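Source: prediction; values computed, not measured.
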Amino acid sequence: MMQQTQSPPSKRNHSPSLLLQCSELVLSWLTPQELATISLTCSTLHTISKSITLRRASDASRAFESHPIPFHNSVDEHPYAYFIYTPSQIPSSSSQFLGRQSWGSSSSAHKSNSVAGLGVQTLRFVDESGECAYGCECEACGEEGVGGDGCPCFGGFNDVVAECGPSCACGLDCGNRLTQRGIEVKLTILRDGRKGWSLYADQFIPKGRFVCEYAGELLTTKEARLRQQIYDELASGGHFSPALLVVREHLPSRKACLRYNIDATRVGNVSRFINHSCDGGNLSTALVRSSGALLPRLCFFASKDIKEDEELTFSYGEIRERSKGLQCFCGSSCCLGILPSEQT
């Protein structure tokens, strides 16, 4: 009696699965419009496109943060807002390399597309030898002045918070690096019929807790003014919400200030969804300088206890130079009806 042997599976049998994996990796780089178009070509690509859309809606942060930050929309047909994610601010000269970003693939390969390495934390003060000129040598930083031997990185001036930085000996678990570990509170993004996308707390956040930093492209004043002109034209149609923020850091003399322009319109993190409130909101802002880093970062802290499911808001400013500015929908008792604005 002859024994029948079973031949090994052909490599050809694996090709459909491999094709699906490759298709998913490619489609994860597409914009929503491109994804919608290609989903109409065949049922297989329609299924892949739908899966990518669901994964995008499940986490705006692309797994760069400690917790997923999902989108929820019961208002219209938009499942998520499309933008390029960066955990920290980046120079505009670097953002030109970020025309696209993988988002929504089931593979972890998109993590290699991290833009964290382009952050301005890499711009440091150095001495003549090229070594970092500032930073502590503490292995575990204590509070300032404890026993006369506190970490020299503690302190700051005016409204600026000082932290350990890239040239310090301590690691990210240092107690003086509270704003450098990314977003550690649970957040969610909800669609509002009038405000558009809005950022909400998905847990209780106590007063004083760090929430997130305002991440985006760091622009020159010339770049900011050119972009603002473009954004004003787009916003006049009522379907465009720019996220260009101008920050001024007053020097100790109080006679001059440094200006920073952070644009989260195309490249940013979830702070781009924080809306204005005329009553000041529940978030306060502070500039945080890390030892050895050339530029500060704008960070948000809870200015009061924030309940779960409460919207996160702050004041965009007090100046309203445009009588026909964008309408404000904050709903506070002191609402002025128009969003703050000034000449960029």
Minimum heavy-atom separation for [X] to [Y], with atom names?
X	Y	result
P242	A235	CD-CB, 4.5 Å
A36	S39	O-OG, 2.7 Å
A201	L187	CA-CD2, 4.2 Å
Y85	V270	CE1-N, 3.9 Å
R56	L30	NH2-O, 2.7 Å
E223	L219	OE1-CA, 3.4 Å

When you look at L45 and S23, which way does the side-chain contact (heavy atoms from CB on, under 4.5 Å) test go after all the steps?
-> CA-CA 8 Å; L45 293 181; S23 298; 4.3 Å; yes
Atom [atom1] of [X] and atom [atom2] of [Y]: how far apart are they, to the nearest 0.5 Å?
X	Y	atom1	atom2	value
Q180	L172	CD	CG	6.5 Å
D202	K186	CG	NZ	7.0 Å
W103	S28	CH2	OG	11.5 Å
L312	I205	CG	CD1	5.5 Å
L199	S271	CG	OG	8.5 Å
F314	T285	CZ	OG1	7.0 Å

Should [X] and [Y] count as an ion pair when the cut-off is N to O under 4.0 Å?
X	Y	value
E217	R227	yes
K304	E310	no
R289	E249	yes
E34	R100	yes
R297	E163	yes

Do [X] and [Y] have side-chain heavy atoms sitting under 4.5 Å apart?
X	Y	value
I189	Y200	no
N269	T86	no
Q229	E233	no
Y231	T265	yes
L245	Y214	yes
I262	L244	no
S49	L27	yes
C278	C330	yes

Check for a donor-acceptor pair, side chain of [X] on one end and backbone N or O of [Y] on the other, with a separation under 3.5 Å.
X	Y	result
Q89	G216	no
N73	H78	yes
E184	L178	no
N282	E311	yes
N261	V246	no
D59	I69	yes
H276	Y316	yes
T41	T37	no

Common cluster, [X]/[Y], ILVMFWY with side-chain heavy-atom separation under 4.5 Å:
X	Y	answer
F329	L339	no
Y80	V75	no
L283	L190	no
L54	I48	no
L226	L234	no

Side chains of S88 and E213: is there a donor and an acceptor less than 3.5 Å apart?
-> yes
In sequence, state the C-alpha distance, the side-chain angles, and the governing distance for S74 and R191, and then conclude on side-chain contact (heavy atoms from CB on, under 4.5 Å).
-> CA-CA 7 Å; S74 58; R191 183 77 167 174; over 6 Å; no
Give the intermediate values and the outcome of salt bridge (Lys or Arg N to Asp or Glu O under 4.0 Å) for residues R55 and E24.
-> CA-CA 12 Å; R55 281 192 288 268; E24 183 183 87; 2.8 Å; yes
Which one of D192, T313, N275 satisfies the side chain to side chain donor-acceptor pair (under 3.5 Å) criterion with S198?
->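 So the option named by the test is N275.
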Report yes or no: is the cationic atom of R62 (NZ for Lys, CZ for Arg) under 6.0 Å from the centre of the six-membered ring of F83, at an angle within 45° of the ring normal?
->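 Output yes; distance and angle both within limits.
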Would you find more than 12 non-hydrogen atoms of other residues, nucleotides or ligands less than 6.0 Å from H46 atom NE2?
->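 No - once you tally the heavy atoms of other residues, nucleotides and ligands closer than 6.0 Å, there are 12 at most.
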Taking it one step at a time, do D279 and C334 satisfy side-chain contact (heavy atoms from CB on, under 4.5 Å)?
-> CA-CA 6 Å; D279 65 2; C334 58; 3.6 Å; yes
Check step by step if side-chain contact (heavy atoms from CB on, under 4.5 Å) holds for V247 and L287.
-> CA-CA 9 Å; V247 183; L287 283 173; 3.8 Å; yes
Distance flag, aromatic centroids of W197 and F71, threshold under 6.0 Å |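 For F71 and W197, the ring centres are under 6.0 Å apart.
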